[in-house]
Amino acid sequence: MASVEIQNVRKAYGDVETIKGVWVDVPDGAFVVLVGPSGCGKSTLLRMIAGLEDISGGTIRIDGRVINEVEPKNRDIAMVFQNYALYPHMTIAENMGFSLRLAKKSKEEIAERVNDAARILGLTDYLKRYPKQLSGGQRQRVAMGRAIVRNPKVFLFDEPLSNLDAKLRVQMRAELKDIHARIKTTTVYVTHDQIEAMTMADRIVVMRDGIVEQVGAPLELYDKPVNTFVASFIGSPSMNFLSGKVAEDRKSVLTENGVRLPLGPEASASPGTAVTYGIRPEHLAIAAGNEGIPITVTNIEPTGSETFVQGTVDGQKFSAQLRERLFIKTGEVLNLALAPTNSHVFDAATGMRLG
Ligand SMILES: Nc1ncnc2c1ncn2[C@@H]1O[C@H](COP(=O)(O)OP(=O)(O)OP(=O)(O)O)[C@@H](O)[C@H]1O
Ligand SMILES: [Mg+2]
């Protein structure tokens, strides 16, 4: 096991800088998830840790040692990609042991390590089969097995579950987490799926356009996003944003036509400041009488367990995820209640959190 320290790392392809100074600290044994929209630089950063891309600036340390110039094979890292290709003509055991055979390990050692990994992954009964005789999820586990047998200091995963169907992805995400809890190898995991990030990570790194927007534990990011980008990226369905101005009492925000939105005690903005007010759809409930935020309903989607409502508040798009069932029609106004402490407020100009 080992820590990974990424300090002011940059990557340029020609004149175009795609990683623009990134700091990430991955403590020994941690499971850190890099998340962000397509093209933000997640894979590039991972490939730089692996040594598959040159580092244009900054330093990467593994276990305290600068590895910028160290050959990939000497970094003691195992990487699992989205498109893991298993060798079709080799059995599962041979696939898993392949890198050890290349490293000229003894037959006994290979067998032992493959058997250990197979036990961890629940693949013991499949070792004599060929890849085409396995399901997608089992093949993905074999790909993981090839990494595990090497007993590396660090695992790097680049969207390893994105080729699996939704149900299998959920199952594999729990399995991966369970495997990490048992073997505790330091892991850097890339995904653009924020649910995967939230459920698997000890620590999430949110990236955008080659920089890190925020680093924190999943619920820290959910509760206190530093800006509107992180606020909209973390959480599903996405946070609602309404434009308004801080009221004289500082305890609320007023939309253009005077809809009052309550602020929590931590919000710090002077009266009149133009703000973006945020509230998560799941933090709303049906209000008593005429209190709360009036939403003009445009669409209602009952799923059985909950009701998803879309509409507008003072002309601005708004949605709510309610536990109650609704007996109203589209076009009607529904009053929604929320706890002020669940509100978020951001500077309208910069998008930065205010308190
Ligand atoms: N070899 C290359 N030459 C030039 N530009 C590249 C190269 N590889 C990646 N890029 C650019 O670097 C940026 C980051 O790419 P990267 O693959 O790291 O994104 P990503 O966050 O992994 O995206 P995705 O979620 O789609 O996999 C992109 O704008 C991409 O076009
Ligand atoms: Mg990628």
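Whatever order the structure lists them in is the order used to number ligands and atoms, beginning at 1. Because the structure is predicted, anything quoted here is derived from the model rather than measured.
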| query | Which bit of E159 gets closer than 4.0 Å to ligand 1, counting heavy atoms only: side chain, backbone, both or neither? | reply | side chain
Identify the closest protein heavy atom to [atom]: which residue and atom is it, and at what distance?
atom                    : value
atom 25 (O) of ligand 1 : K42 NZ, 2.8 Å
atom 9 (C) of ligand 1  : Y13 CE1, 3.6 Å
atom 26 (O) of ligand 1 : S38 OG, 2.5 Å
atom 29 (O) of ligand 1 : G39 O, 3.8 Å

| request: Check whether any N, O or S atom of S38, backbone or side chain, sits closer than 2.8 Å to the Mg ion (ligand 2). | output: no
| task | Would you confirm whether the ring centroid of Y277 sits within less than 6.0 angstrom of the ring centroid of F241? | result | no
| field | Check: G36 N/O within less than 3.5 Å of ligand 1 N/O | value | no
| said: Closer than 3.5 angstrom, by distance alone: can the side chain of K153 be matched with the main-chain N or O of I62 as a donor-acceptor pair? | reply: no
| said: I'd like to know if the side chain of N68 and the backbone of G58 have a donor-acceptor N/O pair within less than 3.5 Å. | reply: yes
| query | Is atom CG of N290 surrounded by more than 12 heavy atoms (other residues, nucleotides or ligands) closer than 6.0 Å? | reply | no
| So does E256 have more than 12 non-hydrogen atoms from other groups sitting under 6.0 Å from CD? | no
| Any protein heavy atom lying closer than 4.0 Å to atom 31 (O) of ligand 1? | no
| query | To which of L34, T18, T44, I19 does the heavy atom nearest atom 15 (O) of ligand 1 belong? | reply | T44
| request: Select the closest option to atom 17 (O) of ligand 1 among S162, S43, G210, judged by heavy-atom distance. | output: S43
| task | List the steps and the verdict of salt bridge (charged side-chain N to carboxylate O under 4.0 Å, His left out) for E71 and R75. | result | CA-CA 7 Å; E71 287 286 312; R75 292 188 186 194; over 6 Å; no
| message | Check this for me, if you would: do R260 and D314 make a salt bridge, where the nitrogen-to-carboxylate-oxygen distance has to be below 4.0 angstrom? | response | no
